[in-house]
Amino acid sequence: MNYKEKKIVFFGTPEFSMPTLKKLVDNKYNIIAVVTQSDKKIGRAQTLQETKIKQLAKSYNLEVIHDLNKLANFLVKEKPDLGIVVAYGDFLSEKILKQFKVGCLNLHPSALPKYRGPSPIQTTILNGDKKTSVTIIKLDKDMDHGPIVKQKKVKLEKYETADSLHDKLSIKGAEILIKILPKYLKNNIKVKEQDHSKATFSKILKREDGLINWQQTAEEIERMIRAYYPWPGTYFKTIINNQEKNIKIHSASLSKNFDSEIGKLVNKNGQLIVQTKDKSISINSLQIEGKNIMSAKEYINGYLK
RNA sequence: CGCGGGGUAGAGCAGUUGGCAGCUCGGCAGGCCCAUAACCUGCAGGUCGCCGGUUCGAGUCCGGCCCCCGCAA
């Protein structure tokens, strides 16, 4: 049987999964179903919205499954060869994994065994790493634990945000996966066990993780702003017109030290400066709760008269 | 009807008990200066989101509608 006729089930949910699914379709792999999370209520209107992958799958007329019981029956019936899992968003049980003749491949945006878990991209930037990797592993019964099929290094730009790195890794990951897939399907590739003693973990991010503690160093805060952009965002609380408001910082850079009051936004020669534990940072763009994003200059004009 | 903030000059904002619509920045013109994003002088720029109501008089009070945004998901 031609390797391109082998039955593949794709698992994915958000934007990160899209380049891989696109490439699989472009390269005419035999995708028999796409598994994704169920529709979620989204936005102020609370309307039900399909996941990015569901939208894409539908545009390709692929069968979409989100019910895991249905999936179990489907797998028993179809006897698929391979599962490809890219940011599916849920743990797959061993029972499901066993249904695939050659197992399931997973694309993970970090240099495994470093940063297993749900927020590897953010953690990479938060820790100030200069480089990372995309890693393809064969899934086993533990989270991000399986043997490495392929790993490729990726350099970070100096001002890399989680957003830009996310896009970069999703595309790079898709390319690598497509490249190794023929070999893998022909059983022509060696896998390598992870060095489990070196495993580290990234945590699930919550909104509160983005709350700035100005007692941290300027470098830590600047990295946090890039790591948590655009989600969960980096913010602090302040009083505007006698109301407590959150201010989200979209972009900032390290600045020379101005030695002003810690955590207070001040105008220094047209720059919007805030003092941290050690040095100052210069805010480039920010957003007050309820307002549109604005530049530092606009904030100074409107709020720091 | 999930909760909340907002719509005033090109941008960001203020506008008190209803009584000549303002501030900072930007724009234009001129000046100063070796020079400037600095400084000085002057000018232009508004359907106060839309519709209706109350009033001698509404940015402001009342009713309805449209739009933007934060939280939540």
Side-chain angles (χ1 to χ4, degrees), chain A residues 11-18 35-58 64-68 86-91 117-119 121-122 161-163 166 202-214 221 224-256 258 260-261 263-274 280-305:
Chain A
F11 296 76
T13 297
E15 223 165 327
F16 188 84
S17 327
M18 290 172 78
V35 185
T36 188
Q37 302 282 318
S38 53
D39 301 353
K40 292 272 158 56
K41 281 183 182 175
I42 195 164
R44 277 180 282 274
Q46 293 290 287
T47 47
L48 223 49
Q49 181 132 354
E50 298 178 342
T51 69
K52 291 282 182 186
I53 280 299
K54 184 171 176 182
Q55 293 170 29
L56 186 63
K58 280 170 89 171
V64 174
I65 299 173
H66 11 70
D67 185 83
L68 286 181
V86 184
Y88 170 59
D90 207 351
F91 188 76
S119 62
I121 294 173
Q122 290 88 339
T161 63
D163 193 40
H166 167 281
S202 61
K203 63 174 183 176
I204 282 195
L205 293 174
K206 299 190 190 105
R207 169 139 285 273
E208 306 86 80
D209 291 320
L211 180 62
I212 296 178
N213 170 9
W214 295 111
I221 293 171
M224 179 173 163
I225 291 165
R226 289 185 289 115
Y228 291 168
Y229 181 83
W231 200 90
T234 306
Y235 66 98
F236 62 98
K237 292 174 188 297
T238 194
I239 305 288
I240 291 176
N241 294 334
N242 296 319
Q243 288 177 52
E244 188 181 71
K245 299 278 190 182
N246 288 337
I247 295 187
K248 197 186 283 183
I249 299 178
H250 286 262
S251 160
S253 41
L254 294 170
S255 162
K256 67 171 182 172
F258 282 96
S260 50
E261 186 185 330
K264 191 178 178 189
L265 273 58
V266 292
N267 175 11
K268 295 280 184 191
N269 310 321
Q271 283 197 88
L272 185 57
I273 296 296
V274 57
S280 302
I281 61 175
S282 171
I283 297 172
N284 304 318
S285 61
L286 68 169
Q287 184 170 27
I288 299 170
E289 183 183 336
K291 293 289 195 179
N292 274 311
I293 179 169
M294 68 178 87
S295 66
K297 191 175 170 186
E298 288 165 334
Y299 183 86
I300 289 168
N301 282 336
Y303 294 92
L304 294 182
K305 277 181 290 191

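Letters A, B, ... mirror the listed sequences (proteins, then strands); counts begin at 1.
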Peer 1: Nearest whole angstrom, please: distance from the P of B/rG70 to the CG of A/N246.
Peer 2: 12 Å
Peer 1: Check whether any side-chain heavy atom of A/F236 sits under 4.5 Å from a side-chain heavy atom of A/V274, and report yes or no.
Peer 2: no
Peer 1: Give the rounded distance in Å between these two atoms: CD1 of A/I288 and C1' of B/rC71.
Peer 2: 16 Å
Peer 1: Which residue lies toward the 5' end of RNA chain B, A/G290 or A/K297, if each is placed at its nearest nucleotide?
Peer 2: A/G290
Peer 1: Expressed as a whole number of angstroms, how long is the span from A/I249:CD1 to B/rG70:P?
Peer 2: 16 Å
Peer 1: Nearest to the side chain of A/N301 - B/rG70, B/rC71, B/rA11?
Peer 2: B/rA11
Peer 1: Partner of B/rC61 by Watson-Crick or G-U wobble geometry, both contacts under 3.5 Å, or none?
Peer 2: B/rG53
Peer 1: How close or far is atom C1' of B/rG70 from atom CG of A/L286, stated in whole angstroms?
Peer 2: 13 Å
Peer 1: What interatomic distance, in whole Å, is found between P of B/rA29 and the corresponding atom of B/rC50?
Peer 2: 32 Å
Peer 1: Using the P atoms only, state how far B/rU16 lies from B/rG7, rounded to an integer number of Å.
Peer 2: 13 Å
Peer 1: When you compare B/rG46 with B/rC66, how far apart are their P atoms, in angstrom units rounded to a whole number?
Peer 2: 29 Å
Peer 1: Taking atom P in both B/rA37 and B/rG27, what distance in whole Å separates the two?
Peer 2: 9 Å
Peer 1: Counting only heavy atoms from other residues, nucleotides and ligands, does the tally under 6.0 Å from CD1 of A/I204 exceed 12?
Peer 2: no
Peer 1: Using the C1' atom as the point on both nucleotides, what is the distance between B/rC32 and B/rU41, in whole Å?
Peer 2: 11 Å
Peer 1: Might you work through the side chain to side chain contact (heavy atoms under 4.5 Å, CB included) test for A/I249 and A/I212, ending with a clear yes or no?
Peer 2: CA-CA 10 Å; A/I249 299 178; A/I212 296 178; 3.7 Å; yes
Peer 1: If we call it a pair only when both distances are under 3.5 Å in a Watson-Crick or G-U wobble match, what pairs with B/rC43?
Peer 2: B/rG27
Peer 1: Could you work out the separation of B/rC48 and B/rA21 based on their C1' atoms and round it to a whole Å?
Peer 2: 8 Å
Peer 1: With the side chain counted from C-beta on, respond yes when A/D39 and A/H66 share a heavy-atom pair under 4.5 Å apart, and no when they do not.
Peer 2: yes
Peer 1: Can you tell me if A/S280 uses its side chain to pair, donor with acceptor, with the backbone of A/S255 under 3.5 Å?
Peer 2: no
Peer 1: Can you tell me which residue among A/K58, A/Q37, A/K40 is in a side-chain contact (heavy atoms from CB on, under 4.5 Å) with A/E50?
Peer 2: A/K58
Peer 1: At 4.0 Å (heavy atoms only), tell me whether A/K291 reaches a base, stays on the sugar-phosphate, or touches nothing.
Peer 2: sugar-phosphate
Peer 1: Counting Watson-Crick and G-U wobble pairs only, both distances under 3.5 Å, name the nucleotide matched with B/rU36, or none.
Peer 2: none
Peer 1: Using whole Å, what does the distance between atom P of nucleotide B/rG12 and atom CD of A/E298 come to?
Peer 2: 6 Å
Peer 1: Quick check on B/rC71: is either OP1 or OP2 less than 4.0 Å from any side-chain nitrogen or oxygen of A/K245?
Peer 2: no
Peer 1: Should A/Y299 be listed as having a side-chain N or O under 4.0 Å from OP1 or OP2 of B/rG12?
Peer 2: no
Peer 1: Check the distance between B/rG5's C1' and A/Y303's OH and give it to me in whole angstrom.
Peer 2: 10 Å
Peer 1: Taking pairing as Watson-Crick or G-U wobble with both contacts under 3.5 Å, can you name the mate of B/rG4, or confirm there isn't one?
Peer 2: B/rC69
Peer 1: Hey, which sits more toward the 5' end of RNA chain B by its nearest nucleotide, A/I240 or A/Q287?
Peer 2: A/I240
Peer 1: What is the distance from CG of A/N292 to P of B/rC71, rounded to the nearest Å?
Peer 2: 13 Å
Peer 1: Tell me: CE of A/M294 to C1' of B/rG6, nearest whole Å?
Peer 2: 11 Å
Peer 1: Roughly how many Å apart are B/rA58 and B/rG19, using the P atom of each and rounding to a whole number?
Peer 2: 11 Å
Peer 1: With rounding to whole Å, what would you report as the distance between B/rC51 and B/rG59 at their P atoms?
Peer 2: 13 Å
